[in-house]
Amino acid sequence: MTPSTPLISVVAPIFNEGGGVDRFVARLGEVLTGAGLAYELVLVDDGSTDDSWDRVSRLALLDARVRGVQLSRNFGKEAAVLAGLEHAAGDAVVVIDSDLQHPPAAIPEMVRRWREGAHVVEAIKCSRTGQGLIGRVGGRLFNRAFTGLTRVDLVDATDFRLLSRPALQALLRMPEHSSFFRGTSSWIGFRRSTVEVEIDQREGGRTRWTLRSLFRLAVNGITSFSSAPLHLVTLVGLAFAAFAVLLGAQTLIRWIDGGSVEGFPTVILLLLVMGTFVLLGLGVIGEYLARIHEEVRGRPRYLVQERSGPLETAVPEQWVRADP
Ligand code: UDP
Ligand code: MG
């Protein structure tokens with residue numbers, strides 16, 4: 001391989017994938033070598049409790065193109081991806097799930113698009129065979145709502161993306177604590193291109209997403225890209241104000257006329273509706289406040305416990321401190 005061959009970094013987050021790690025690395029090697037690409041693999045172990053890290057270290061010993069980064073605990077997929085991106089040294093970076101749900105076979109095509117001038121190449125789903133009905137419908141609804149609220153197009157998007165060095169540099173300039181890769185990589189703009197992929201069935205293991213973590217992801221995504229919920233609170237407040245004037249006038253007129261205000265149920269209903277709305281409004285404000293709190297504390301977004309493989313990194317100084 002000539003020195004001018006561009007280096008492709010493949011970043012994959014790993015959380016308790018066990019034997020899947022070997023399968024994944026073997027498959028990637030096959031595809032990338034087959035396509036004649038120079039590559040490095042940045043495997044980020046997101047605090048796995050199984051033998052994933054042992055496997056990563058062993059692979060890093062066997063193959064100089066494999067590098068491992070172990071986070072000090074489970075920081076979540078977004079942080080793991082970020083860690084990988086900051087460690088990647090390539091001219092282009094591909095982010096891919098390590099559970100083989102994202103077909104590595106699509107990478108050569110993504111690289112081709114990059115060579116043709118695209119800075120961000122997104123793999124979009126043409127089907128969701130690997131997901132149940134609820135996941136499918138839920139994903140679709142979330143994407144629609146998210147796109148509507150934030151104008152960041154996520155419909156059928158995946159985390160399987162290629163970023164050029166300039167796009168990556170732009171992405172890494174975002175200081176957000178709870179970064180949301182799909183959103184931030186759209187927000188940066190840059191010349192984009194898409195390739196269609198089939199999302200495969202998981203090979204071994206099971207999905208780490210619980211309803212709760214999906215909800216957190218949705219709330220994070222929305223609060224980091226839109227203040228629409230806050231405006232909504234204002235709007236509903238205005239509507240209530242109009243309603244209050246009308247109902248207040250009616251009540252006063254009745255009182256002056258000497259008619260008693262009957263309707264205990266009305267009072268209860270009003271209390272319930274108002275109470276619900278006030279609490280919801282507070283909740284919305286609270287979510288934003290929590291985000292601000294998180295950002296203001298300015299803690300590192302992940303901590304590295306150990307590395308294996310070749311050490312050259314593109315990591316900013318402040319993240320390296322945590323090393324033993
Ligand atoms: N993952 C991670 N940290 C987590 C959860 C998941 O690094 O806390 C990784 C996981 O190993 C996989 C990818 O993120 O490579 C996607 O996870 P999963 O397959 O569970 O999500 P899904 O494909 O269902 O969206
Ligand atoms: Mg998966």
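Read the numbers this way: they start at 1 and go in the same order the structure lists the ligands and their atoms. Heavy-atom basis, side chains included; hydrogens, waters and symmetry copies ignored. Just so it is clear, the model here is predicted, and its values are computed rather than measured.
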- [ ] Provide the number and element of each atom of ligand 1 under 4.0 Å from a heavy atom of Gly76.
- [x] 3 (N), 8 (O)
- [ ] Please name all residues satisfying ring-ring contact (aromatic ring centres under 6.0 Å, His included) with Tyr288, sequence neighbours left out, ordered by chain then number.
- [x] none
Open item on the list: Once you restrict to heavy atoms under 4.0 Å, what part of Asn74 touches ligand 1? Side chain, backbone, both or neither.
Closed with: side chain
Task: Basic-acidic side-chain contact under 4.0 Å: Arg182, Asp159 - done: yes
TODO: Just go through Thr158, Asp97, Leu43 and tell me whose heavy atom is the nearest to atom 13 (C) of ligand 1.
DONE: Asp97
Open item on the list: Phe190: which residues meet the ring-ring contact (aromatic ring centres under 6.0 Å, His included) condition with it, sequence neighbours left out?
Closed with: His119
Task: Contact atoms of ligand 1, heavy-atom distance to Asp99 under 4.0 Å - done: 15 (O), 18 (P), 19 (O), 23 (O)
Task: Per-atom contacts, ligand 1 versus Phe15 - under 4.0 Å to a heavy atom - done: 1 (N), 2 (C), 3 (N), 4 (C), 5 (C), 7 (O), 8 (O), 11 (O)
Task: Within one Ile-Leu-Val-Met-Phe-Trp-Tyr cluster: Val31 and Leu162, side-chain cutoff 4.5 Å - done: no
Open item on the list: Is there a polar contact, in the sense of an N or O pair closer than 3.5 Å, between Pro13 and ligand 1?
Closed with: yes
TODO: Group every Ile, Leu, Val, Met, Phe, Trp and Tyr by side-chain heavy-atom contacts under 4.5 Å, then state whether Val236 and Val284 land in the same group.
DONE: yes
Task: Side chain, backbone, both or neither: Ile14 near ligand 1, heavy atoms under 4.0 Å - done: backbone
Open item on the list: Any donor-acceptor pair under 3.5 Å linking the side-chain atoms of Ser57 with those of Asp54?
Closed with: no
Open item on the list: As a test of reading the structure, name the N/O/S atom of Asp99 that is nearest the Mg ion (ligand 2).
Closed with: OD2
- [ ] Would you mind listing which atoms of ligand 1 come within a distance below 4.0 Å of any non-hydrogen atom of Glu17?
- [x] 10 (C), 11 (O), 12 (C), 15 (O)
- [ ] Evaluate the ring planes of Phe160 and His102, with Trp represented by its six-membered ring, and classify them as parallel (under 30°), tilted (30 to 60°) or perpendicular (over 60°).
- [x] parallel
